[in-house]
There are 2 protein chains.
Amino acid sequence: MESNLQIDSLDKKILSMITHNARIPFLEVARECKVSGAAIHQRIQRLMNMGVIKGSEFIINPSKIGYHTCAFMGIFLKKASLFDKVVKMLEEIPEVVECHYTTGEYAMFIKIFAKSNEHLKRILHDKLQNIPGISSTETIISLDESFKRQLPIE
Amino acid sequence: MESNLQIDSLDKKILSMITHNARIPFLEVARECKVSGAAIHQRIQRLMNMGVIKGSEFIINPSKIGYHTCAFMGIFLKKASLFDKVVKMLEEIPEVVECHYTTGEYAMFIKIFAKSNEHLKRILHDKLQNIPGISSTETIISLDESFKRQLPIE
DNA sequence: AGTGAAACAGGCGATCG
DNA sequence: CGATCGCCTGTTTCACT
């Protein structure tokens with residue numbers, strides 16, 4: 001979708017340092033890259049303006065805040081044109097953390113967290129299956145997230 | 001897996017502020033929560049020690065760094081006991097960003113980024129299908145990530 | 001656990017090459 | 001674009017509660 005021609009090797013080095021620790025002092029990045037802190041500051045500002053950096057976040061362990069069930073769900077739609085409306089409805093369900101428009105087995109694909117399997121069942125019955133436009137769903141329960149990481153920079 | 005009894009409402013307020021902006025000054029969080037900066041500092045330290053906070057990261061837009069294809073893949077194994085070895089092999093493939101042990105259609109489920117559909121095909125043929133233990137795979141290509149977000153805190 | 005002060009360090013804008 | 005400078009703000013520790 002977008003070019004990456006404006007990203008040079010200094011940008012990549014900065015990105016690879018800050019993607020794994022958002023609280024790292026920019027001066028530390030600067031020392032490692034052998035430039036001034038102000039240069040890092042400007043570069044990161046530029047990367048944000050370009051949309052390369054979308055933001056920053058602390059990573060929470062879902063099970064430690066009570067979410068013990070993780071699942072993926074494939075969704076079949078009655079009509080493909082209902083996609084936008086279904087996305088809006090899914091956005092209203094806070095447990096749905098990721099939503100994709102897909103080809104392959106399903107029309108849509110989502111990732112969802114729930115407090116328990118029982119809770120997941122309730123979300124499925126009470127919320128998902130009441131969304132007009134969804135004809136059926138298939139659930140894949142994750143018994144264990146073996147790893148989760150960021151895309152490496154170059 | 002874990003209880004969340006040790007997390008009180010101040011912790012939740014802190015978490016909800018820092019999950020959406022990892023660079024927010026702790027003093028700003030402190031003012032909002034009407035406690036001292038040192039208290040926030042201690043709380044966050046404690047949440048890290050408890051494993052509630054797993055780290056922090058800048059969020060990169062994959063397409064802006066040249067990764068234009070996103071896919072999910074269901075994996076069938078020859079034997080369930082090969083799971084651990086397959087995870088190790090998948091970890092060697094940097095484009096694989098998420099790996100789950102699942103029930104349902106598949107034995108395993110992964111999320112993967114590639115530079116293009118052609119690149120995805122190469123990863124699939126040259127790397128994934130050469131992993132001993134994998135009997136077959138099914139690919140779900142994401143044409144669009146409609147949204148991606150964090151689990152809300154309470 | 002939380003506070004406030006103090007010492008230290010980093011963020012970030014202005015200005016100059 | 002990057003460097004230097006400088007002020008302002010935030011971070012972190014510590015003694016006290």
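Chain naming here is simple, since letters A, B, ... match the order of the sequence lines and numbering starts at 1 in each.
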Glu32(B) CD to dG10(D) P, in whole Å, measures 14 Å
Roughly, in whole Å, what's the span from CD1 in Ile24(A) to C1' in dT11(D)? 15 Å
Would you mind checking if Lys121(B) and Asp126(B) are paired as a salt bridge, meaning a charged N to carboxylate O distance below 4.0 Å? no
Shortest non-hydrogen separation from Met108(B) to Val86(B) and the atoms involved: SD-CG1, 3.7 Å
Measure up the Phe72(B) and Phe109(B) rings against each other and bin them: parallel (under 30°), tilted (30 to 60°), perpendicular (over 60°). parallel
Rounded to whole Å, please give me the gap between CD in Glu28(A) and P in dG10(C). 8 Å
Using heavy-atom distances to pick each residue's nearest nucleotide on DNA chain C, tell me which of Val35(B) and Leu27(A) is more 5'. Val35(B)
Should Glu118(B) and Arg122(B) count as an ion pair when the cut-off is N to O under 4.0 Å? yes
Please give, in whole Å, the distance from dA1(C) P to Gln6(B) CD? 10 Å
Once base and sugar-phosphate atoms are separated, protein heavy atoms under 4.0 Å mark nucleotides 12-17 of chain D, 5' to 3', with B, S and - as SB----
Rounded to whole Å, how long is the line connecting atom CZ of Arg46(A) with atom C1' of dG2(D)? 12 Å
Indicate the ring-plane relationship of Tyr67(B) and His119(B), choosing parallel, tilted or perpendicular according to the 30° and 60° boundaries. tilted
SB check Lys13(A) Asp8(A) (cutoff 4.0 Å): no
Between P of dG13(C) and CZ of Arg43(A), the distance in whole Å: 18 Å
Need one value for Leu10(A): base, sugar-phosphate or nothing, where a base atom within 4.0 Å counts as base even if backbone is also close, heavy atoms only. sugar-phosphate
CG of Asn21(A) versus P of dT11(D): gap in Å, rounded? 13 Å
Return no unless some side-chain N or O of Arg31(B) is found under 4.0 Å from OP1 or OP2 of dG10(D). yes
